[in-house]
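Keep in mind that this is a model prediction, so the values were computed, not measured.
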Amino acid sequence: MRIATWNVNSLTVRLPQVLAWLQDNPMEALCLQELKQADEKVPVDAFREAGYHVAFIGQKTYNGVAIISKAEPRDIQRNIPGFDDDQQRVIAVTLDSPQGDVRIICAYCPNGQAVGSDKYEYKLNWYRAFTAFVRGEMAKYPRLAVLGDYNIAPDDRDVHDPAKWEGSVLVSEPERSAFRMLLGLGLSDAFRLFEQEPKMFSWWDYRMMGFRRNAGLRIDHILLSDPLKAVCSACIIDKVPRRNEQPSDHTPVVATLDL
DNA sequence: ATGGTGGAGGGTCCA
């Protein structure tokens, strides 16, 4: 099975690109972030016609996440239980696989805006709550994948110009430490299980021709529990959709699981 | 240091 994550920066705008990409790249699960649309606007019918279920939690203007899946989603969890938050950033589902249940968590982690800002503090608090949530999910579901826009570049290999970015939001040490806490639960960054080309990124700023200069960051990740790590045979960043007209500023990350 | 672009929504806010 293949699973993927893609921050689409408005599903209203990007729906045709998502459907076209799924046509070329069938997925057992596709995690979407930044829908930027209310629940009633989520294009459930369009996905159904393409052969997919949709579990989602929408939000007007900002945030909103969805999991597109071939199998019918079960045990849908929206948001982080016990974490009071009006921003819709998390959804989790259980999917059937030949080896048994696979738990999929889709997350749009906060951006943080700038180190020291209120939004930065919110980001670090959010990560504490999210890590506790994932710890609980791991205890319940051995086969767990956590996919999303983490808004953290884990180390300098994931940054086009580490000197320029040093200490700033998305790469600061407290953020990287929060990311390592997640890994510390027993999760592995699927992309780093394999040899990769240098300067591989998943996001490029719209401004200053970021994509043309490959001035990007790797901030979209697929984390796998050990039982899924053991069956993961590939993880790639698909840069093709970033070359579309009217692209998202992010591009999909895909993991292949031999299940 | 500033501002560059894109999305949403009708002000600016967010990324």
Roughly how many Å apart are [M] and [N], using the [atom1] atom of each and rounding to a whole number?
N	M	atom1	result
dG3(B)	dA15(B)	C1'	15 Å
dG6(B)	dT2(B)	P	23 Å
dC14(B)	dG10(B)	C1'	16 Å

Once the angle between the rings of Y150(A) and F130(A) is folded into 0 to 90°, is it parallel (under 30°), tilted (30 to 60°) or perpendicular (over 60°)?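 If you compare the ring of Y150(A) with that of F130(A), the planes turn out perpendicular.
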Residue met sooner reading DNA chain B from 5', once K36(A) and M208(A) are mapped to nucleotides: M208(A)
How do V13(A) and E34(A) order along DNA chain B: which one's closest nucleotide is nearer the 5' end? V13(A)
Base, sugar-phosphate, or nothing for Y108(A), non-hydrogen atoms under 4.0 angstrom? sugar-phosphate
Please say whether the positively charged group of R89(A), taken as NZ for Lys or CZ for Arg, lies over the ring of Y108(A), i.e. under 6.0 angstrom from the six-membered ring centre and within 45 degrees of the axis.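 Output yes; distance and angle both within limits.
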Taking the six-membered ring for Trp, is the centroid-to-centroid distance between F133(A) and F83(A) below 6.0 Å?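 No, ring centres 6.0 Å or more apart.
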Which is the 5'-most and which the 3'-most nucleotide of DNA chain B that has an atom under 4.0 Å from a heavy atom of chain A? dG3(B) to dA15(B)
Among all residues two or more places apart in sequence or in another chain, which pass the side chain to side chain donor-acceptor pair (under 3.5 Å) test with H53(A)?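 Here no residue qualifies.
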Hey, what else clusters with I68(A) if you join Ile, Leu, Val, Met, Phe, Trp, Tyr whenever side-chain heavy atoms sit under 4.5 Å?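 Members besides I68(A), by chain and number: W6(A), V8(A), L11(A), L15(A), V18(A), L19(A), W21(A), L22(A), M27(A), L30(A), L32(A), L35(A), V42(A), V44(A), F47(A), Y52(A), V54(A), F56(A), I236(A), V254(A).
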Would you compute the distance between atom CG of N79(A) and atom CG of D86(A) and round it to the nearest 0.5 angstrom? 9.5 Å
